[in-house]
There are 2 protein chains.
Amino acid sequence: MDADVPADGHAGRRGDTRARIQRVALELFAEQGYDATSLREIAERLGVTKAALYYHFKSKEDIVRSFSEDHFCRMDSLIDWARQQPPGPATGHEILERYLTILIEGSDVFRFLEQNQATLRSGDDGKHRFEQFRPRLYALVDLLIGPDATTRARIRTTAAFFSISASLMLYRDQADTSPEELRKIILEIADDLTRDLGYP
Amino acid sequence: MDADVPADGHAGRRGDTRARIQRVALELFAEQGYDATSLREIAERLGVTKAALYYHFKSKEDIVRSFSEDHFCRMDSLIDWARQQPPGPATGHEILERYLTILIEGSDVFRFLEQNQATLRSGDDGKHRFEQFRPRLYALVDLLIGPDATTRARIRTTAAFFSISASLMLYRDQADTSPEELRKIILEIADDLTRDLGYP
DNA sequence: GTCTATAGACGGATAGAC
DNA sequence: GTCTATCCGTCTATAGAC
């Protein structure tokens, strides 16, 4: 809501300290983990002091929220879009494709969220951030197969989404595979797992 | 299980204190995260003090190692076994099946390792524990499809392993699905992803 | 907007008595 | 094997000057 995160990080541009903090923090969080990264460390890499950070963000977790909320918003947008489409295989395929795009564009955030599941809690209710992911995942699954599908269909579709994220994370930096090739292979897998499941 | 104190007098917990520490620690680590769980917390739940923990384990990370190493040993055993089998679809299927069994039997450890990737480092080389998982996963993938398989085959097979773990973690506590049914569905998915890939 | 300085809390680890 | 007591480090967060 109030998190005005630029959709595209203008790398290196000076002047917007807030965005630079976000970029460096995400980098360090994804690399070393949330707990293992101190505010002092972030400040040092930026060439400022801890106190400067507190001018822009009210707490350490507020920094996380500023970019992780953006990621969940993108998922919500996808869900909203999908709800307005006619159910069917074509829409199903496009959901998977758009999901992949979201992960590609926010892969740093996603990696961070994935690897720090255990330590991240939302400030309000104390629930794991993974609990912010799970209902959205289920919503997408339902949109692919309908709410009355079999358990088998539900599990297969869930596996499709996880195959997308796992494949992307493991193979996106592989030299022998172009991004286009990787994208094709990933979507083929996801399509195979969701074929002939719902809306017959 | 039984967290009960032996009924007999002062002889205490006999030799099982070490095991009780492991059980409680794993529980808390998996639930709250490694960093978020203090030794004080573990000690309190056990009804002992922090210092008692240090009698049994030389550090906090030593507690983790005591059960996470066991998990990697199981994966190594699977790899060793697989190397001695004739390559082919039948062996491939059994690899997937045995992998699933390992995850089921050590699901708490696996969940812990998965959710704490970011914070866990091995004491020696400072590498992420995930880096202890990745080469083993690749070894299993190679055993299913051979070292000269296409990238497509490699990604699909990797996705098969991730589908197994993700499906298990998300659906193992679902009331409407029996463990047998779940097992069947999961293996069906994994088989689909590894069908017609290697050893034609 | 950024700084210095410090409060305030907590965690891991150790020493030594029993 | 377990305890009490404590050291020492690091961290988040705040106060107030410039």
Side-chain angles (χ1 to χ4, degrees), chain A residues 4 13-26 28-29 31-68 116 118-124 126 129, chain B residues 3-29 31-68 116 118-124 126 129:
Chain A
D4 49 340
R13 175 179 294 187
R14 291 247 147 200
D16 192 359
T17 306
R18 189 185 153 95
R20 289 171 63 230
I21 293 173
Q22 288 175 321
R23 217 191 61 242
V24 168
L26 177 56
L28 288 172
F29 288 161
E31 189 181 307
Q32 311 176 330
Y34 176 77
D35 285 286
T37 304
S38 68
L39 294 181
R40 178 189 51 76
E41 212 170 351
I42 297 171
E44 260 171 20
R45 183 173 290 204
L46 280 165
V48 298
T49 60
K50 275 191 300 174
L53 269 45
Y54 278 96
Y55 176 81
H56 295 280
F57 298 93
K58 78 179 228 298
S59 69
K60 185 183 183 183
E61 187 174 338
D62 193 40
I63 301 178
V64 168
R65 186 156 21 196
S66 73
F67 49 70
S68 68
N116 291 276
T119 45
L120 296 178
R121 298 158 185 286
S122 58
D124 312 323
R129 271 199 203 283
Chain B
D4 297 23
V5 179
D8 62 301
H10 63 286
R13 278 77 178 210
R14 299 188 296 266
D16 68 345
T17 303
R18 190 185 153 92
R20 289 172 63 234
I21 293 174
Q22 288 176 320
R23 217 193 64 244
V24 168
L26 178 55
E27 220 169 83
L28 289 172
F29 288 162
E31 190 180 307
Q32 311 176 331
Y34 176 76
D35 285 285
T37 304
S38 68
L39 295 180
R40 178 188 51 76
E41 211 170 351
I42 297 172
E44 259 172 21
R45 182 172 291 204
L46 280 166
V48 298
T49 60
K50 272 194 301 176
L53 269 46
Y54 277 96
Y55 176 81
H56 295 280
F57 298 94
K58 78 178 228 297
S59 70
K60 185 182 182 183
E61 186 172 339
D62 193 40
I63 301 178
V64 168
R65 184 157 22 198
S66 70
F67 49 70
S68 70
N116 291 275
T119 45
L120 296 178
R121 297 159 186 285
S122 58
D124 311 325
R129 271 200 203 285

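Reminder, nothing fancy here: chain letters follow the sequence lines and each chain counts from 1.
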Chemist: Just how far, in rounded Å, is C1' of D/dT14 from CZ of A/F57?
Modeler: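 Distance, rounded to whole Å: 18 Å.
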Chemist: Measure from the side chain of B/K50, starting at C-beta and using heavy atoms only, and say which of C/dT2, C/dG12, C/dT6 lies closest.
Modeler: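 Looking only at side-chain atoms, B/K50 lies closest to C/dG12.
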Chemist: Measuring from atom CD1 of B/I42 to atom CD1 of B/I63, what distance do you get when rounded to the nearest 0.5 angstrom?
Modeler: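 So the gap between those two atoms works out to 5.0 Å.
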Chemist: Looking only at heavy atoms, what is the nearest atom pair of B/I21 and B/H56, with distance?
Modeler: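 Heavy atoms of B/I21 and B/H56 come nearest at CD1-CD2, 3.7 Å.
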Chemist: Give the minimum heavy-atom separation between B/Q22 and B/F67, together with the two atoms involved.
Modeler: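 What the structure gives for the nearest pair is O-CE2, 4.0 Å.
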Chemist: Distance check needed: D/dT12 C1' versus A/F29 CZ, whole Å only.
Modeler: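 Distance, rounded to whole Å: 12 Å.
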Chemist: Would you mind telling me which of D/dC3, D/dT12, C/dC3 lies closest to the side-chain atoms of A/A51?
Modeler: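 Nearest to the side chain of A/A51 among the choices is C/dC3.
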Chemist: Measure the angle between the two terminal helix axes of the helix from C/dG1-D/dC18 to C/dC18-D/dG1, five base pairs each, and quote it to 10°.
Modeler: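 End-to-end axis angle for the helix from C/dG1-D/dC18 to C/dC18-D/dG1: 0°, rounded to 10°.
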Chemist: What's the separation between atom CG in B/D35 and atom CG in A/D35, rounded to the nearest 0.5 Å?
Modeler: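 The distance works out to 4.0 Å.
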Chemist: Could you check A/T37 against B/A52 and say which one's nearest nucleotide on DNA chain D is further toward the 5' end?
Modeler: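 Between the two, 5'-proximity favours B/A52.
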Chemist: NA contact type, A/T49, heavy-atom cut-off 4.0 Å: base, sugar-phosphate, or nothing?
Modeler: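 It contacts base atoms.
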Chemist: Looking only at non-hydrogen atoms, find the nearest pair between A/N116 and A/G33 and report the distance.
Modeler: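 Distance-wise, the nearest heavy atoms are OD1-CA, 3.4 Å.
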Chemist: Would you say that A/K58 contacts A/R65 through its side chain, given a criterion of any heavy-atom pair below 4.5 Å between the two side chains?
Modeler: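 The answer is yes; the side chains approach within 4.5 Å.
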Chemist: Taking 4.0 Å as the cut-off, does a side-chain nitrogen or oxygen of B/S59 come that near to OP1 or OP2 on C/dG12?
Modeler: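 For C/dG12, OP1/OP2 do not have a side-chain N/O of B/S59 under 4.0 Å.
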Chemist: From CG of A/L39 over to P of D/dT12, roughly how many Å is that when rounded to an integer?
Modeler: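 A/L39 atom CG is separated from D/dT12 atom P by 4 Å.
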Chemist: Closest to the A/K60 side chain: D/dG1, D/dA13, C/dA13?
Modeler: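 That would be D/dA13.
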Chemist: Would you say a side-chain N or O of A/T17 is under 4.0 Å from OP1 or OP2 of C/dT2?
Modeler: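 Yes.
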Chemist: Separation of B/R18 atom CZ from D/dT2 atom C1', in whole Å?
Modeler: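 These atoms are roughly 17 Å apart.
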Chemist: At under 4.0 Å, does any side-chain N or O of A/R40 touch on OP1 or OP2 of D/dC11?
Modeler: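 True: A/R40 side-chain N/O within range (under 4.0 Å) of D/dC11 OP1/OP2.
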Chemist: Is any side-chain nitrogen or oxygen of A/Y55 closer than 4.0 Å to OP1 or OP2 of C/dT2?
Modeler: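 The answer is no; no side-chain N or O of A/Y55 sits under 4.0 Å from OP1 or OP2.
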Chemist: May I have the distance from A/D62 (atom CG) to D/dT12 (atom P), rounded to whole angstrom?
Modeler: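 Nearest whole value for this atom pair: 14 Å.
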Chemist: State which of D/dC11, D/dT2, C/dG12 makes the closest approach to the side chain of A/S38.
Modeler: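 Looking only at heavy atoms from C-beta outward on A/S38, the closest nucleotide is D/dC11.
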Chemist: Counting only N and O atoms by type, is there a donor-acceptor contact under 3.5 Å from the side chain of A/K60 to the main-chain atoms of A/Y34?
Modeler: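 Side chain of A/K60 to backbone of A/Y34: a pair is present.
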Chemist: What is the distance, rounded to the nearest whole Å, between atom CG of B/D35 and atom C1' of D/dC11?
Modeler: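 After rounding, the gap between these two atoms is 12 Å.
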Chemist: Can you check the A/Y54 OH to C/dC3 P distance for me, whole Å?
Modeler: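 Those two atoms, OH and P, are 15 Å apart.
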Chemist: Find the distance B/I42:CD1 to D/dT2:P and express it as a whole number of Å.
Modeler: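 For the pair B/I42 CD1 and D/dT2 P, the rounded distance is 15 Å.
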Chemist: Taking 4.0 angstrom as the limit, do B/R45 and B/E41 come out as a salt bridge?
Modeler: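 No, this pair does not count.
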